[in-house]
Each structure stands twice: as structure tokens, then as C-alpha cells.
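Contents: one structure, followed by commentary.
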Amino acid sequence: MSSKQKVCILGSGNWGSSIAKIIGTNAARLDSFDSCVKMWVYEEMIDGKKLTEIINTTHENVKYLPGKKLPENVVAVPDAVEAAKDADILVFVVPHQFIPKLCASLVGFIKPSATALSLIKGFDVAEGGGIALISQIIQKQLKIDVSVLMGANLANEIADEKFSETTIGCRDKKIGQILKNVIQTDYFRVSVVDDVEAVEACGALKNIVAVGAGFVDGLKLGDNTKAAIIRIGLMEMIKFVETFYSGARLGTFLESCGVADLITTCYGGRNRKVSEAYVTSGKSIEELEKELLNGQKLQGPITAAEVNFMLKNKNMENDFPLFTTIHKICIGELKPSDLIEQMKLNTNTKTEQVDGE
Ligand SMILES: NC(=O)C1=CN([C@@H]2O[C@H](COP(=O)(O)OP(=O)(O)OC[C@H]3O[C@@H](n4cnc5c(N)ncnc54)[C@H](O)[C@@H]3O)[C@@H](O)[C@H]2O)C=CC1
Ligand SMILES: O=C(CO)COP(=O)(O)O
């Protein structure tokens with residue numbers, strides 16, 4: 001890496017813009033970083049004007065983070081290669097369904113010495129009937145080290161500079177410190193841990209549980225029921241990580257990426273909101289995503305499908321009854337009201353399984 005490190009942000013949605021506000025501020029403040037931060041924007045027209053031009057003149061992402069100013073040293077770039085080619089640190093923050101295409105467009109054009117930080121929550125289906133972590137997709141395609149950042153981080157609250165915590169999963173202490181420097185602010189506190197796969201899996205899996213929490217809200221079942229879904233969800237997250245990412249530490253679930261992200265998403269996230277409306281409106285999830293999110297993207301239902309793809313192939317659907325039930329509700333195979341009956345059937349066995357009895 002050169003002495004002044006260049007940071008590029010790939011993605012400019014709700015979280016992408018919010019993290020750009022932080023990274024831009026830190027890059028301008030700290031000598032070790034080049035103050036110019038390029039942000040790849042998937043170009044679109046807003047009232048006849050290009051979004052990149054709006055961002056570069058008004059310093060506001062009027063569509064995905066309206067009302068918040070971005071630092072002037074954050075430069076919107078419509079071409080991903082142009083944005084990324086000189087960067088030492090690549091921050092990936094697109095909705096997870098777009099990552100394979102984005103990575104493919106960057107192959108051969110980035111610095112081989114670059115390091116990546118993925119803020120993306122989700123999986124990708126893999127050959128052989130399994131799933132891959134998003135960091136593995138980036139690593140495999142671009143052949144660079146990938147760290148992850150996951151936490152209780154509703155983007156709008158962070159843009160409002162309300163106190164929040166986050167977790168960086170990084171295997172290399174030196175890189176972990178550099179990433180912490182570019183991300184941490186007085187209101188956004190970073191812990192670095194080396195349990196990378198567990199950190200990332202937590203971030204992806206909690207979105208499935210948040211869909212379940214939204215169903216509970218739509219069914220008007222109350223706080224105790226929602227707490228039960230959160231508890232059962234946490235148990236399935238732990239079991240999933242223990243089963244598929246051996247060596248993970250239980251303590252990682254107590255970091256911001258674990259229980260804290262699960263709670264905030266089940267109360268304040270987009271997955272919860274759309275899933276509640278799914279129950280009350282009778283409309284499809286795709287319709288509601290368009291209607292309620294103004295271009296922002298839901299990650300939970302697709303993640304539930306990805307996880308189910310693997311569980312089904314491994315004949316393990318019954319080992320993760322909450323994840324399986326939520327997926328089946330999303331695709332219309334079960335009704336939202338079936339959620340509770342399914343949980344009644346399964347709660348006892350689940351506790352025993354996690355306890356290892
Ligand atoms: N918004 C939040 O509060 C948080 C989001 N995350 C995660 O960060 C990741 C990114 O989320 P957000 O920044 O919120 O995005 P978002 O949900 O606001 O999605 C909109 C973004 O997707 C882009 N987009 C639309 N079609 C595209 C295409 N075909 N190719 C590439 N990009 C396209 C849009 O241009 C826009 O930048 C997700 O994995 C999410 O789970 C993590 C923590 C908090
Ligand atoms: O990941 C998030 C908070 O940490 C955002 O969750 P939603 O995508 O459900 O809004």
C-alpha cells in the first residue's frame with residue numbers, strides 16, 4: 001500500500017451513502033488517507049438529471065439518503081473500474097444480489113495489493129448445492145483479502161450521528177487497525193475481531209429472523225412473541241454458524257454484529273417493515289419492496305431462499321425450522337399465521353440441539 005491510502009466505496013444506497021459520510025470525513029481528517037474518496041454510483045436519472053451529477057453538485061444522495069450532506073471530498077463516479085482502479089481499500093456496500101456482476105466487472109482492473117472491506121449482508125448460492133459468503137465471492141473473483149463490517153447499524157440513524165457500535169471481522173491485526181481508523185468516529189464505535197466468518201454469517205442470517213419479526217408485527221402478536229422469535233432466531237444463527245463455519249466463538253454473537261444487529265433489525269429495519277405489510281396488505285413482497293422502499297432493496301427474503309437452497313440440498317430443513325418456515329411463508333407455501341404453529345412444534349428440540357444434548 002502507498003503511504004496515503006486511497007479509499008473507494010462501491011455502492012451508494014442507504015448504507016453506502018451513510019458510510020460515505022463517515023469515510024469521507026475520516027479521509028479528510030487523517031493524514032494516512034488520500035482525502036479524495038471515490039464512490040461508485042449505479043447511475044440513474046432523477047427528474048431528468050444524473051444521480052452522479054446531483055451528488056457531485058449538491059453533495060447529497062437525494063434518492064437514498066435525502067436530507068444528509070456528504071463531505072465534498074466524496075466524488076460520485078458512474079464507472080466502477082474508474083472508481084476502483086487506484087484504490088488501496090475497496091469498501092463493498094451494494095445489495096448482495098448485485099455483487100457477482102460488480103466483481104466480474106472489476107477483474108483485472110484493481111490493484112493486486114488492495115484490501116477489501118465488505119459491508120454486505122447476504123449469501124450467494126454456490127456450485128455443488130451450497131452457499132458462499134459474500135466475502136468469499138469477492139475474494140475468489142478479485143484475489144484480494146476481504147474483511148467484513150457488520151453491526152446494529154440502521155443507516156439513517158448513523159447518518160444522524162446517533163451513538164452506534166459495529167464489528168469489523170479481520171484476520172490481520174495491521175489491516176484491522178487501518179480499517180478501524182477509516183471507519184471509527186466519536187459516535188460510531190468499532191470493535192475488531194478475527195472471527196470473520198461468524199461476523200459475516202450473523203449479518204446475513206439476522207435478516208431472515210427480521211422477516212419473521214415483521215410477520216409477528218403484522219399478525220399483531222405482541223412483544224413476547226417477537227422476543228420468542230428473536231430468541232429462536234438467535235439459537236438458529238448460532239447453530240448454523242457452528243454447523244457450517246466451525247471454530248466460531250460464542251462471544252462473537254455478543255458483539256454488535258450478533259445480538260445487537262438482530263434486535264435493531266427486528267424493531268427498526270426494512271425487512272421488518274415490508275414483512276409486516278406482507279401480512280396486512282396481501283400484496284407480494286416484490287410489490288411491497290417497490291412501494292415502500294423507493295429503490296432500496298430487501299435482503300431477508302432472498303437470503304432465506306439462499307439458506308433454504310443449501311438446507312434442502314443437505315436434507316437439513318427440519319434442523320432450522322424458523323429459517324425454513326420464514327422462507328416458506330415468503331414464497332407462499334405457508335401462511336404467515338402458520339409461523340407460530342411451526343414454532344410450537346419445534347422450540348423444545350431446538351434448545352436441546354444447541355445445548356448439545
Ligand atoms: N441500509 C441499512 O440500514 C443497512 C444496510 N446494510 C447492508 O448493506 C448492503 C447495501 O445496502 P444499502 O446501501 O442500504 O442499499 P439499498 O438497499 O439502499 O439499495 C439501493 C442501491 O442499490 C443500487 N442498485 C440498484 N440496482 C442495481 C444494480 N442492478 N446493480 C448495482 N446496484 C444497483 C442502487 O443504485 C442503490 O445504490 C446490503 O447488503 C444491506 O443489507 C447493512 C447495514 C445497514
Ligand atoms: O442491517 C441493517 C441494520 O444493521 C438494516 O436492516 P434492514 O435491511 O432490515 O433495514
Side-chain angles (χ1 to χ4, degrees), residues 9-22 39-46 50-52 54-55 61-66 76 78-80 83 91-106 117-124 133-135 137-138 148-160 162 164-167 183 188 199-200 202-214 255-276 289-290 292-304 306:
I9 300 165
L10 292 146
S12 56
N14 187 230
W15 186 213
S17 303
S18 193
I19 206 70
K21 180 169 173 278
I22 287 180
M39 175 174 74
W40 173 60
V41 174
Y42 180 78
E43 191 69 282
E44 62 187 286
M45 301 300 287
I46 315 252
K50 289 181 176 167
L51 181 56
T52 48
I54 298 176
I55 294 173
N61 187 338
V62 291
K63 176 152 182 193
Y64 296 106
L65 193 64
D79 182 283
V91 177
F92 285 88
V93 59
V94 292
H96 80 277
Q97 59 269 41
F98 304 129
I99 197 68
K101 200 168 162 208
L102 171 61
C103 285
S105 76
L106 296 174
L117 179 66
S118 172
L119 279 55
I120 299 171
K121 295 173 177 173
F123 296 100
D124 194 26
L133 294 163
I134 297 301
S135 64
I137 304 290
I138 300 170
V148 298
L149 179 150
M150 307 279 144
N153 298 152
L154 295 170
N156 293 331
E157 294 185 12
I158 290 162
D160 282 339
K162 292 176 176 162
S164 306
E165 299 178 303
T166 202
T167 313
I183 297 287
F188 192 49
V199 170
E200 187 173 1
C202 278
L205 294 170
K206 64 86 195 175
N207 280 337
I208 306 178
V209 185
V211 172
E255 298 287 344
S256 182
C257 62
V259 71
D261 195 8
L262 180 62
I263 293 169
T264 203
T265 313
C266 286
Y267 282 89
R270 301 166 296 186
N271 284 292
R272 187 219 68 79
K273 178 177 170 176
V274 172
S275 306
E276 177 183 42
E289 182 185 40
K290 285 203 182 75
L292 299 177
L293 298 187
N294 190 33
Q296 295 183 35
K297 300 292 177 194
L298 269 194
Q299 306 284 267
I302 334 176
T303 306
E306 290 151 357

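Hydrogens, waters and symmetry mates play no part in the numbers below; they use all other heavy atoms, side chains included. Note that ligands are numbered from 1 as they come in the structure, with each ligand's atoms numbered from 1 the same way. In this text, all values refer to a predicted model and were calculated from it rather than measured experimentally.
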Any heavy atom of Arg270 closer to ligand 1 than 4.0 angstrom? yes

Can an N or O of Asn271 be found at a distance shorter than 3.5 Å from an N or O of ligand 2? yes

Under 4.0 Å from ligand 1, counting heavy atoms only, is it the side chain of Met150, its backbone, both or neither? neither

Within the 4.0 Å heavy-atom shell around Asn153, which atoms of ligand 2 are there? 3 (C), 4 (O)

Could you tell me if any non-hydrogen atom of Gly11 lies under 4.0 Å from any atom of ligand 1? no

Counting both backbone and side chain atoms, is some N or O of Leu154 under 3.5 Å from an N or O of ligand 1? no

What part of Val41, side chain from CB on, backbone N/CA/C/O, both or neither, has a heavy atom under 4.0 Å from ligand 1? neither

Pick one of side chain, backbone, both or neither for how Val94 approaches ligand 1, counting any non-hydrogen atom pair under 4.0 Å. backbone

Please confirm whether Pro95 comes within less than 3.5 Å of ligand 1 when only nitrogen or oxygen atoms on both sides are compared. no

Regarding ligand 1, does Phe98 bring an N or O atom to under 3.5 Å of one of the ligand's N or O atoms? no

Under 4.0 Å between heavy atoms, the region of Lys121 that gets near ligand 2 turns out to be side chain

Ligand 1 versus Gln296, non-hydrogen atoms closer than 4.0 Å: side chain, backbone, both, neither? both

